[in-house]
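Both backbone and side-chain heavy atoms feed into the values below; hydrogens, waters and symmetry mates do not. Order of the sequence lines fixes the chain letters, A, B, ..., with proteins taken first and strands second; residue numbering starts at 1 for each chain.
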There are 2 protein chains.
Amino acid sequence: MNTDIFEFKRPGVAVDVILFGILDKNLKVGLIQREEEPHLNKYALPGRFVRYEEPIEDTAKMALKLKGGINPEVVFSEQLYTFGQDLKRDTRIRTISIVYYGLIDSQKIDFQSGNKFKWYSVYDLPQLAFDHNAIIRYALERLCKKIKEWEDVAFQLMPKEFTLTELQNTYEIILNEKLDKRNFRKKILEQNILKELKKKKMEGVHRPAGLFSFIRQR
Amino acid sequence: MNTDIFEFKRPGVAVDVILFGILDKNLKVGLIQREEEPHLNKYALPGRFVRYEEPIEDTAKMALKLKGGINPEVVFSEQLYTFGQDLKRDTRIRTISIVYYGLIDSQKIDFQSGNKFKWYSVYDLPQLAFDHNAIIRYALERLCKKIKEWEDVAFQLMPKEFTLTELQNTYEIILNEKLDKRNFRKKILEQNILKELKKKKMEGVHRPAGLFSFIRQR
DNA sequence: ACAAAAGTGTTGTCAGTACACCCATGG
DNA sequence: CCATGGGTGTACTGACAACACTTTTGT
């Protein structure tokens with residue numbers, strides 16, 4: 001029966017992470033350039049093999065940290081899907097890939113020290129290693145679905161304090177469509193997930209905007 | 001870097017399958033009694049370690065076939081989630097579990113030869129091995145969500161030909177709530193996923209019911 | 001003729017959408 | 001005083017929910 005459990009040749013298990021951020025008013029993903037075969041020099045999602053004594057969420061965090069030079073504590077992440085159909089996905093060993101997506105407030109990205117990410121718009125990706133293009137498309141679909149169902153994930157992409165217009169911009173960038181200002185505000189406010197701060201954002205030659213933050217902190 | 005890829009001690013990867021079926025007007029899951037440690041003799045979901053040269057969907061099918069004696073070709077299945085946080089989940093080796101759920105028309109279950117499943121109502125489960133109780137709860141949640149969004153998965157639990165009342169019963173059993181007959185029919189028919197057969201189901205002392213089948217076959 | 005399930009339409013309610021004007025500020 | 005984005009309310013529309021009676025059959 002199963003008692004040969006120690007005998008099976010085990011597939012490798014990797015975690016790949018799609019890190020989304022809003023940069024230059026675009027939804028971008030963090031990619032790294034591969035430094036080894038297969039797909040040497042191609043861009044790819046940061047990934048890492050799951051160590052024997054490593055919970056898979058830790059693997060995701062380590063991938064972000066080691067491959068991208070990002071502090072994983074400022075990233076919200078969730079499991080997306082596990083790809084394990086294609087035996088030849090990785091040419092070295094048979095690999096099963098558990099894919100996470102992550103959301104980061106781009107202000108928290110340290111563009112100096114050791115940051116290895118290149119940020120590409122999800123709508124303008126280079127040809128990536130493995131099946132990473134398809135994986136990103138899938139992740140984007142899921143993210144859009146969550147946003148459309150008003151699951152409160154967008155604030156993971158926002159700074160702590162923000163105006164309603166900034167939040168709306170984030171929604172619009174993800175969904176890739178314009179939203180109505182009044183309807184957006186009505187809907188987002190009636191969910192009671194925001195608290196209005198007693199501050200205004202004074203910026204530009206116009207009426208100052210009220211600042212909000214999410215009630216449930218990260 | 002990663003070049004020690006052949007050196008890592010690899011976690012085991014298993015696939016577990018939650019097989020749902022409607023029996024005795026109840027939503028039930030197929031469980032097997034474990035024949036080995038850990039959790040010897042406890043009931044559990046059918047599962048199997050992923051072999052090196054085995055796509056994970058094949059692993060799911062093999063689990064159904066070998067552990068449950070079910071022909072996997074008559075089962076619709078989809079990936080649910082991958083559990084890989086708990087290092088001590090399986091006491092033998094560190095195991096990551098990719099969980100699938102499956103739907104079967106219970107008329108296709110062969111209760112004779114070699115069928116090892118015991119069927120338990122999802123609302124009345126025994127204490128199961130590993131974290132399988134929690135996994136089933138999670139699967140049920142996802143199934144309900146799909147049904148509520150009118151994703152057409154219910155017909156995987158139905159025979160080829162069925163009446164609208166029978167289909168509605170399936171919805172009601174899964175959701176565990178009564179639905180309005182007229183609203184249900186309106187909603188299901190306007191989706192154009194059913195074709196009305198030129199047959200009636202003559203049964204009982206009452207007006208015969210029209211038979212339907214799904215347009216998109218399995 | 002009766003019991004039992006099949007089949008069928010209308011109305012009210014609520015959420016979502018569309019839409020236009022005044023407000024506060026800096027220069 | 002003007003340009004700029006911030007901020008606000010109402011009316012329409014379409015989807016969903018509630019609800020009751022007639023039809024067809026076997027006995």
Close approaches to DNA chain C from residues 162-183 of chain A, in residue order (heavy atom, under 4.0 Å): A:Asp180, A:Arg182, A:Asn183

Take the C1' atoms of the five end pairs on each side of the helix from C:dA1-D:dT27 to C:dG27-D:dC1, get both axes, and report the angle to 10 degrees. 10°

For A:Pro11, is there any backbone N or O sitting under 3.5 Å from a side-chain donor or acceptor partner on B:Arg51? no

What is the ring orientation for B:Phe130 with B:His132, classed by angle as parallel under 30°, tilted 30 to 60°, or perpendicular over 60°? tilted

Nearest whole angstrom, please: distance from the [atom2] of [N] to the [atom1] of [X].
X: A:Glu190; N: C:dT17; atom1: CD; atom2: P; result: 12 Å
X: B:Leu211; N: C:dG7; atom1: CG; atom2: C1'; result: 14 Å
X: B:Phe212; N: C:dA6; atom1: CZ; atom2: P; result: 12 Å

For the side chain of [X], counting heavy atoms from C-beta on, which of [options] is nearest?
X: A:Arg207; options: D:dG26, C:dT25, D:dG5; value: D:dG5
X: A:His206; options: D:dT23, D:dG6, C:dA18; value: D:dG6
X: A:Lys186; options: C:dA18, C:dT25, C:dT10; value: C:dA18

By nearest-nucleotide position on DNA chain C, the 5'-leaning member of B:Pro208 and A:Lys187 is B:Pro208

Evaluate B:Arg142 against B:Glu151 for salt bridge (charged side-chain N to carboxylate O under 4.0 Å, His left out), listing each step before the verdict. CA-CA 11 Å; B:Arg142 279 273 292 265; B:Glu151 287 189 44; over 6 Å; no

